[in-house]
There are 2 protein chains.
Amino acid sequence: MAHSLATAPTCSNCPIRHRALCARCDDDELEDLNRIKFYRTYKAGQTIAMRGDALDVVASVVSGTATLERGIEDGRTQMVGLLLPSDFIGRPGRTTLQYDVTAVSELTLCCFARKPFEALLIQIPHLQERLLEMALDELDAARDWMLLLGRKTAREKIASLLMLMAKRTMNPDGEAMGTTSRLELPISRETMANFLGLTIETVSRQFTGLRKDGVIGLDGNRVVLIPDLQDLLVESGDDGDGGPLI
Amino acid sequence: MAHSLATAPTCSNCPIRHRALCARCDDDELEDLNRIKFYRTYKAGQTIAMRGDALDVVASVVSGTATLERGIEDGRTQMVGLLLPSDFIGRPGRTTLQYDVTAVSELTLCCFARKPFEALLIQIPHLQERLLEMALDELDAARDWMLLLGRKTAREKIASLLMLMAKRTMNPDGEAMGTTSRLELPISRETMANFLGLTIETVSRQFTGLRKDGVIGLDGNRVVLIPDLQDLLVESGDDGDGGPLI
DNA sequence: GTGCCCTGTTGATCTGTGTCAAAGCAGGCC
DNA sequence: GGCCTGCTTTGACACAGATCAACAGGGCAC
């Protein structure tokens with residue numbers, strides 16, 4: 001289950017430092033965190049936790065992708081969050097989970113038992129502060145997603161998703177506008193549909209449509225070639241201000 | 001603009017204590033907050049702030065209702081938050097606003113300049129903690145709303161909205177199931193449409209439909225009579241677990 | 001190779017909701 | 001009263017996306 005200690009990634013190599021929980025911790029504080037942390041890995045498709053489960057662990061994503069989903073009894077579900085490396089799961093002060101959490105790729109979590117973690121929060125005030133910042137970023141992202149779900153067309157939804165993936169995947173300073181970008185999608189059509197409030201058929205048709213219109217190219221069904229990001233901006237209705245999306 | 005000091009409400013009489021920012025403050029801490037607070041009032045329909053405005057004030061809603069909206073350039077807008085008494089606006093550490101904030105009824109805010117407020121946050125750790133809890137509640141609410149926007153039908157959306165209003169308006173322990181409840185809506189058809197990702201015509205038709213099917217009664221267009229809340233639960237696809245909705 | 005499973009694509013059709021347009025209704029003001 | 005103006009309702013129609021169904025392709029076991 002857990003990595004061996006020798007190969008285990010450490011908090012100090014969180015892949016995207018500025019978003020990470022411990023972004024502002026000094027060495028002593030990192031040491032405090034290291035003392036109580038442990039790792040868990042999951043296979044693609046594996047359920048991490050279900051709605052209503054006791055929440056006695058909080059965690060940071062070290063590598064891989066996971067999803068948060070909310071469902072109705074009749075089987076309809078809506079993805080409400082996409083967890084990428086450095087994102088945080090769980091919440092101090094809450095004892096049960098509100099969502100289904102699933103690994104969509106091989107996933108490694110850096111976990112902390114809730115009780116000692118809460119104790120550390122009191123001891124290290126700027127950890128609490130950082131957690132608040134991250135929660136507010138997530139809130140902004142959720143609200144942007146509400147705009148997408150409530151008001152955008154299927155094509156705009158797809159375009160927005162591609163923009164989001166591009167932003168989180170590619171070097172922000174590289175890839176000048178007008179250069180063809182190669183974008184590898186980490187999720188299936190079904191996951192996308194779930195994310196966008198669409199059906200898989202509609203997602204598939206939109207990809208075909210965008211390809212026929214020359215806005216994107218497809219290489220297999222997990223790789224998208226984007227000749228001009230600007231075109232996608234038009235399709236997506238995104239004003240490109242770079243606000244947090246997830 | 002501001003209330004006279006004599007009639008000004010104080011933080012200690014926040015109408016819904018358990019959700020309020022200062023819910024766990026002692027007298028000394030309340031005094032610290034009181035020293036830097038001031039009040040602002042707005043008329044129904046008045047714009048409080050626009051997206052991109054500098055955010056040098058944070059505030060708690062004392063009375064009335066406000067909305068948060070996110071829009072695309074072509075005029076489409078989606079409401080992303082409903083602010084009721086005791087809800088909090090603004091965020092420490094962020095300098096510009098992400099949304100349009102509008103008063104939909106006569107509104108009173110209890111404001112704090114951002115700088116001194118941030119200083120207080122450091123001085124009073126459990127204020128920070130409370131802020132985190134509130135942000136996480138908002139996040140849960142936003143995510144429930146994503147399920148509604150992405151997967152529910154127009155009728156279910158209306159029913160969910162009525163359930164939400166009922167929960168926030170009515171005495172939670174009163175009104176046994178099976179008793180007719182009288183629910184006064186604080187928002188117009190347009191605001192509802194904006195909230196639900198629908199058009200005003202669809203909202204209107206759904207109200208008519210629910211009335212014709214005997215699920216609700218209408219008394220004017222701002223008052224809804226609900227013979228049996230259980231019926232609404234069925235319509236809304238809400239499992240009624242009482243999780244935070246906004 | 002064959003058969004099976006899983007994911008994705010494409011087609012035909014249906015339907016819920018948006019769009020456009022007109023009319024009803026209440027409140028305010030002259 | 002009459003005439004606004006703003007909000008709501010209702011109708012006719014169009015269309016985006018859902019639904020149902022068939023098929024294609026790749027990976028894998030055998």
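In the text below, chain A, chain B and the rest are named by the order of the sequence lines, each starting its count at 1. All values below were derived from every heavy atom in this structure, side-chain atoms included, with hydrogens, water molecules and symmetry-related copies excluded.
- Side-chain atoms of Leu149(B) and Gln78(B), non-hydrogen and from C-beta on, do get closer than 4.5 Å to each other.
- Nucleotide dT7(C) holds its P atom 13 Å from the CZ atom of Arg189(A), rounded to whole Å.
- Among the nucleotides dT10(C), dT10(D), dT8(D), the one closest to any side-chain atom of Ser188(B) is dT8(D).
- Computed from coordinates, the Ile200(B) CD1 to dT9(D) C1' distance equals 10 Å when rounded to whole Å.
- Using a 4.5 Å heavy-atom cutoff, the side chains of Ile48(B) and Thr102(B) are not in contact.
- Between the P atom of dT10(C) and the CG atom of Leu210(A) lies a distance of 13 Å, rounded to the nearest Å.
- Straight-line distance from the CG atom of Leu218(B) to the C1' atom of dT8(D): 12 Å, rounded to whole Å.
- Distance, Ile187(A) CD1 to dT7(C) P: 14 Å, rounded to whole Å.
- In terms of modelled atom types and a separation under 3.5 Å, the side chain of Arg91(A) and the main chain of Ala135(A) share no donor-acceptor contact.
- Remark: the backbone N or O of Leu198(B) is not paired with any side-chain donor or acceptor of Thr202(B) at under 3.5 angstrom.
- Asp53(A) places a side-chain N or O within donor-acceptor distance of the main-chain N or O of Met50(A), the cut-off being under 3.5 Å.
- When the P atom of dT9(C) is taken as reference, atom NZ of Lys212(A) falls 12 Å away, rounded to whole Å.
- Between the CZ atom of Arg76(A) and the P atom of dA18(D) there is a distance of 13 Å, given to the nearest Å.
- Of the possible donor and acceptor atoms, one in the side chain of Arg51(A) sits under 3.5 Å from a partner among the backbone N and O of Gln98(A).
- Residues Leu107(B) and Thr41(B) have side chains not in contact (no heavy-atom distance under 4.5 Å, counting atoms from C-beta outward).
- Atom CD of Gln206(B) sits about 10.0 Å away from atom NZ of Lys157(B), to the nearest 0.5 Å.
- dT9(C) atom P lies 13 Å from atom CD of Glu190(A), rounded to whole Å.
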Taking only nitrogen or oxygen atoms into account, show me every contact under 3.5 Å that the protein makes with nucleotides 14-17 of chain C, one pair per line with its distance.
from, atom 1, to, atom 2, distance (Å)
dT17(C), OP1, Ala154(B), N, 2.8

Between the protein and nucleotides 20-27 of chain C, list the N/O to N/O atom pairs that are separated by less than 3.5 angstrom.
from, atom 1, to, atom 2, distance (Å)
dC20(C), N4, Glu201(B), OE2, 3.1

Name the atoms and distances for all side-chain donor-acceptor pairs under 3.5 Å in residues 185-196 of chain A, with sequence neighbours left out.
from, atom 1, to, atom 2, distance (Å)
Ser188(A), OG, Glu190(A), N, 3.4
Ser188(A), OG, Thr191(A), N, 3.2
Ser188(A), OG, Thr191(A), OG1, 3.0
Arg189(A), NH1, Asn221(A), O, 3.1
Arg189(A), NH2, Asn221(A), O, 3.3
Asn194(A), OD1, Thr77(A), OG1, 3.2
Asn194(A), OD1, Met79(A), N, 3.3
Asn194(A), ND2, Thr77(A), OG1, 3.2

